[in-house]
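Scroll down for the structure; my scribbles are underneath it.
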Amino acid sequence: MFTYNHKKVDKKWQSYWNKKKVYETKDGKAGATAKKCYILDMFPYPSGDGLHVGHPKGYIATDIFSRFKRMTGHNVLHPMGFDAFGLPAENYAIKNKVNPEIAVKKNVKKFKDQLAIIGLDYDWSRTVNTTDPEYYRWTQWIFLQMFKKGLAFESFEPINWCPSCKTGLANEDLDGTKCERCGTEIEHKPMRQWVLEITKYADRLLYDLDDLNWPESIKELQRNWIGRSEGSELTFKVQNSNEVIKVFTTRPDTLYGVTYVVVAPENKLVQALKPQITNWKEIEKYLKTTKAKTELERTADNKEKSGVELKGVKVIHPITGETVPVFAADYVLAGYGTGAVMAVPAHDDRDYAFAVKYNLPLKEVIIPERIDKRNPPVAGKEKVERQNVQVVVRNPKDGKILYIKYKKFGWHSFPMGGIDGGELLAAAAREVMEETGYKNLTNGKVLGGQVRAEYFAAHKDVNRVSYTNLVSFDLENEERVPVSEKEAAEADYFWADMKDMTCDFMCHAEMDVWLDRLNNGTEKAYCEDGVMVNSDKFNGRKNTEIMEEITKLAGGKRKVTYRLKDWVFSRQRYWGEPIPLVHCEHCAQAKFTKEAKLTVNFYYKDVWTALNNGTKTVETRALNPEEQNRYFGNVKVGDILNFEYKKEKGGKTIEQKCVRVKGAKIYKTFADLFADKDTLSKLHIKKYSSVIDLEKSYSTFGDDYMNKIIKNGLVAWEIEPVTIPVPVPEKDLPLKLPKVKSYEPSGTGESPLAKIDKWVNTKCPVCKGKAKRETNTMPQWAGSSWYYLRYIDPKNKKALIDSKKEKFWMKGGVDMYVGGTEHATRHLIYARFWHKFLFDIGVVSTKEPFAQLRNQGMILGADNRKMSKRWGNVVNPDDVVANFGADALRVYEMFMGPFAMEAAWSTDNLIGSRRFLERFAKLQDNVTKNKKEVKMDEVEMTIHRTVKKVTEDIAEFNFNTAVSSMMIAVNELLDKKILAEHLEMLVKVLAPFAPHLTEEIWQTTLKKKKTIHLEKWPTWDPKKIISNKTKIAVQVNGKVRETIEFNSADVSEADAKEKAIQAENVKRWLVSPIKKIIYIKNKILNIVI
RNA sequence: GCCGGGAUGGCGGAAUGGUAGACGCAAUAGACUCAAAAUCUAUCGGGCGCAAGCUCGUGAGAGUUCAAGUCUCUCUCCCGGCACCA
């Protein structure tokens, strides 16, 4: 009699597997017969809290899958590692006052121990840790390759800044408008950032999704995240200016409907257009208020639009040449498209809302089109256009509506008729009077624009194309005039309820449009497709067909825009991979000498601000084109110049520096300049090629003289010193993270590394001069973007991965990747991006990293909430394993429900799995050597069916039904004698689920000498799963009335029918003659009467 | 608003268009026990019925079909993602 002592069994076999290195993976050799199978888990972030019971769900699944694959003859790679750089580890370290390195070490050990007691089959000899310098050397290496290809660059655009974490963040790190880590509202902060140009890969990231065996939902999430949208870029010239406003639109077809143009408040154009703007004060005020609004406020009240007109500025419509006003409004985002839109209030909801608020005109250029289904146009007939009106007359007394019934066709309609110019309401009223005699109508309204309809007018033998307006009236009183005999002969009128007005009842092809307008009003934009009107030569054409043509006519071009933004890749934090670059001024100087020649063209009329360290910011603005030309020549803001300056006032030393022009400030007179003390203190003036002291000149020559000299005013340039980033030589990698005492973030936008002078000050690898290290670090997602490659060749010192090994293990990509959905738009996009880059530079041989992906559903707490310390609903796997055994935990987590669905933890339900294991173990006592005691057919049918079901279910990740089928097998066999070979088959199929118990039975009871986990997976015999008894459900008119049994595996229709119609319960229902019999072989006989 | 995914007993869930509720939990009754636990046996969607059996039932409503949890349309609610993306 076997008693299941899980504590003993678990421990015994875990140490056995370790000792025998059962799970160590050998690299495939050329000519090896075993097919490779690379099974991968999303590696964990080792937090201080350790694992809860939800974490291992995915690991158990891959464990089962890899054991199964190994037993079916595959060479399996199933590794595990740790992703330990990043904010959580650092925040944990700060909070607990330990060095993150030490904290990570401790947490990794804890995680490893916790994973070990679950009996997972990882090959720990291949483990990786992203914080290990030998690992991150290659993370840095990849970054350098990107840098060299120009994919990594410095950007000065405003980025998302988390004031609590004190670092910049990527778009992907946001939860709406909040920091995904700490929930703090993010700010937009302009600062220097390293950015990876992921948008260059956007199309490939999008299109290559199609071939991946991934859950459709994840692919869709990525598609949405990339947000590719095709449209046109059109140019609106600014009247009396060299400036142009470029807009991006997906609806160039609505171009004739443009009634104004909107630019984002942050758009540089607003500044550039300042000289023309006559209401600058108002604009400045608006810019201030929008800037003060948080991102949240801007999006929360998205119904209430706000904006301000740039008075004095008009743009020219690219086709019609009409002038159009320009607005700045924050419903236009600076960061998407061109930061400006053409507004078509008639056909865009947002423009509509804005136009209504500011009383701007609408211009309808697309109208709905309907083809009459009852009277479709007939091919080959003449087309005749016609303007129509249809009239809804309501009697306010009882709410009834006036209808017309055509005697000849039986059609129901509104009073209607053609109109030839003239006033619409008058024509409509006349039509009502002619057809019905009612002459006093009031409250006339035109309900929206026209609708185009096509139908065949049989009485005229032509195809009619009608443009119809709907008009509504109230009946003022019931006075009538006589109706002409002709009208009376053709039609009657009647009053009926509003609700009779259905598409079926009424003959109008436009009816669904009318109903929508009557029920939901006409105050909205029409955003659907239709037919062009008010658009010159495009009139009458379908809007969907003219996109290219109209773009061309407007002189625009087709363009693709993405929602995806480039990846902000630097963090102002300590605990990350140092970016392996140094900043060198001398190299910059060498690089930019050419442009330096430009500087000598500026005489004493120009005043320069030399901001020694680039730390001083003065208020600046962009220059208009005229000023630009006058003061800068061909130098633009953002240009880099070699600049000469004097170190100390009056001194002789002249140094050169590379500077970037950040902006400029204009003073009308020297007096103005001298009033600006801040700027003045930094000023030097350059006369011809010598430096003079400005203040001295001023006092010598006097105000008038100086002002005469400058005439056009003074320009103070704001500049900052420029360095160029120089890569750390590959041989010097890894660039190790220095050990520090204080790694708390500074909050100034500088990484804590910046404070370590010893580390920061270094030599330039190129010119050997003094240089400073880049002090930003990489984001958490860097290390995880390629870790799956390193498992293949974890100890390689010469390369990221050996090419032969890569080709073997990555052939076709990772075969099975399992993890949570939460990584859909970050890790899984980043890793695909890096992989494609590595493919481009020849490091990997596949264009996609992960061929097949499965998501695990979360395990919730017993209270149906996310497991969290906050709710006190966390279940620790260690406790479960101690109380019920590792195998019970494993079986239960797989049995809870479909793998991909979330499910609430229930220790009650877990007991069922434990009982199953105990009952399974009892089968050992049923083993006999005497074949005569064994009901061979029944036993083998059960076992072979189970083998089949489990085999198929594991392959499909249907673990819950696999477990259930094994439960059924045990229930069926518990009271039967079986042979040892039968038990062997069952133990093998249970082995991946319950590795400890099955090993115990295998080696102890069945006396096998080698581990079960490298055994050959059993096969089922299709002949043995066929029963020699068949049950057929007999239905009468689809309802089951009787079940009949046959003692054979196959039943013919004739046999089934014969037996069925004799059964009492069937006979009773056969009250009328049999019409038809449907027989589904061996399953159902349906008698239709 | 848009894009995904759901909704089946008291609960977790199962069902290539073919006997809805497999399997598990909980519950009830019984056996064993001085007793309890454990284990074993039986019952276990609602209504009617002594029973055979009938009838209603897969979020709501329509439809296709000999047959619908499953397919089609409309709607409600829940979960996830995106969201003033032009």
Side-chain angles (χ1 to χ4, degrees), chain A residues 176-177 215-225 227-229 231-232 247-252 254 262 264 298-305 329-333 335-344 347-351 353-354 527 561-565 821-822 824-825 857-858 891-892 895-898 900-913 915-916 918-919 922 958 960-971 974-975 1031-1043 1064-1065 1068 1075-1089:
Chain A
T177 59
E216 210 38 57
S217 58
I218 298 285
K219 292 206 231 175
E220 209 50 41
L221 279 178
Q222 291 211 348
R223 289 189 189 110
N224 290 343
W225 189 262
R228 184 182 201 275
S229 85
S232 300
V247 301
F248 173 75
T249 178
T250 55
R251 294 292 302 273
T254 62
V262 191
R298 253 180 97 153
T299 48
D301 49 12
N302 65 28
K303 272 174 204 134
E304 195 52 41
K305 306 241 178 309
D330 66 0
Y331 81 91
V332 173
L333 306 175
Y336 182 79
T338 59
V341 302
M342 59 181 219
V344 187
H347 303 292
D348 181 279
D349 292 327
R350 297 152 300 184
D351 297 340
F354 189 79
C527 304
T561 300
Y562 303 93
R563 207 198 71 99
L564 180 75
K565 297 273 191 316
T821 339
E822 67 272 19
T825 53
M858 220 189 308
V891 169
Y892 172 60
F895 184 62
M896 286 175 89
M901 282 215 322
E902 57 182 40
W905 179 265
S906 156
T907 306
D908 270 353
N909 286 353
L910 169 80
I911 288 165
S913 299
R915 280 185 200 146
F916 158 66
E918 280 173 20
R919 298 202 300 161
K922 276 193 196 168
N958 294 328
N960 58 331
T961 48
V963 171
S964 129
S965 73
M966 288 186 281
M967 287 174 169
I968 295 170
V970 170
N971 291 348
L974 219 46
D975 57 354
K1031 274 186 189 167
I1032 289 172
V1034 182
Q1035 301 179 332
V1036 178
N1037 282 357
K1039 284 194 175 169
V1040 179
R1041 297 300 180 186
E1042 183 66 282
T1043 327
E1064 271 312 308
N1065 279 334
R1068 295 193 310 145
K1075 276 189 197 152
K1076 195 168 161 187
I1077 287 183
I1078 290 124
Y1079 180 57
I1080 309 300
K1081 194 151 196 235
N1082 300 338
K1083 272 194 175 155
I1084 276 181
L1085 184 85
N1086 189 5
I1087 302 169
V1088 186
I1089 58 169

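Throughout, a chain's letter reflects where its sequence line sits, starting with A, and its residues are numbered from 1.
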*Separation of the P atoms in B:C79 and B:C71, to the nearest angstrom*: 24 Å
Against the side chain of A:S217, the closest entry in B:G18, B:G4, B:C84 is B:G4
- Query: Distance between the C1' atoms of B:G69 and B:G13, in whole angstroms?
  - Reply: 14 Å
Open item on the list: Taking B:C82 as the reference, what is the distance to B:A15 when you measure between their C1' atoms (whole Å, please)?
Closed with: 35 Å
- Which value, in whole Å, describes the distance between the C1' atoms of nucleotides B:U76 and B:A60? 7 Å
- Query: When you compare B:A42 with B:C23, how far apart are their P atoms, in angstrom units rounded to a whole number?
  - Reply: 12 Å
Any stem touching RNA chain B, meaning at least three consecutive Watson-Crick or G-U pairs under 3.5 Å, ordered by first number, would be B:1-7 with B:76-82, B:10-12 with B:23-25, B:27-31 with B:39-43, B:45-48 with B:53-56, B:59-63 with B:71-75
Rounded distance in Å between the C1' positions of B:A26 and B:G9: 12 Å
Next on the checklist: Would you measure the distance from the P atom in B:U43 across to the matching atom in B:A52 and give it in whole Å?
Outcome noted: 13 Å
Quick check against the 3.5 Å criterion: does A:N1037 have a side-chain atom that pairs as donor or acceptor with the backbone of A:I1089?
yes
Ranking B:C84, B:A86, B:C23 by distance to the side chain of A:Y331, first place goes to B:C84
Nucleotide N/O to protein N/O under 3.5 Å, stretch nucleotides 37-45 of chain B:
unit_1 : atom_1 : unit_2 : atom_2 : d
B:U39  : OP1    : A:R915 : NE     : 3.1

Each nucleotide N or O in nucleotides 9-14 of chain B that has a protein N or O under 3.5 Å away: list the pair and distance.
unit_1 : atom_1 : unit_2 : atom_2 : d
B:G12  : O2'    : A:M896 : O      : 2.7
B:A14  : OP1    : A:N960 : ND2    : 3.0

Got a salt bridge between A:E220 and A:R223, using NZ or NE/NH1/NH2 to carboxylate O under 4.0 Å? yes
Of the candidates B:U19, B:G24, B:A22, the side chain of A:I968 sits closest to B:A22
In 5'-to-3' order, the base (B), backbone-only (S) or no-contact (-) status of each nucleotide in nucleotides 48-56 of chain B, using a 4.0 angstrom heavy-atom cut-off, is -----SSSS
Below 4.0 angstrom from OP1 or OP2 of B:G18, is there any side-chain N or O of A:K1083? no
Is there a donor in the side chain of A:R563 and an acceptor in the side chain of A:N224, or the other way round, less than 3.5 Å apart? no
Against the side chain of A:Y336, the closest entry in B:A86, B:A22, B:C66 is B:A86
Open item on the list: Within the 4.0 Å heavy-atom criterion, would you say A:I1080 contacts the bases, only the backbone, or no part of the nucleic acid?
Closed with: base
Q.
Determine whether a donor-acceptor pair (N or O, by modelled atom type, separation under 3.5 Å) exists between the side chain of A:N958 and the backbone of A:T961.
A. no
query = Within the modelled atom types, does a donor on one side and an acceptor on the other bring the side chain of A:D908 and the base of B:C25 under 3.5 Å apart?
reply = no
Using atom C1' in both nucleotides, what's the gap between B:U64 and B:U55 to the nearest angstrom? 25 Å
Less than 3.5 Å between a donor and an acceptor, one on the side chain of A:K305 and one on the base of B:C84, is that the case here? yes
Expected label for B:G30 (glycosidic angle, syn inside 90° of 0, else anti) would be anti
Using a heavy-atom cut-off of under 4.0 Å over every strand shown, decide if A:Q1035 touches base, sugar-phosphate, or nothing. base
Across all chains, not counting sequence neighbours, the ring pair (Phe, Tyr, Trp, His ring centres under 6.0 Å) partners of A:F895 are none
Residues 1080-1089 of chain A vs salt bridge (charged side-chain N to carboxylate O under 4.0 Å, His left out), sequence neighbours excluded, gives A:D1050-A:K1081
*Below 4.0 angstrom from OP1 or OP2 of B:G24, is there any side-chain N or O of A:N971?*
yes
Any side-chain N or O of A:R563 below 4.0 angstrom from OP1/OP2 of B:A83? yes
Which class fits the ring pair A:Y892 and A:W905: parallel under 30°, tilted 30 to 60°, perpendicular over 60°?
perpendicular
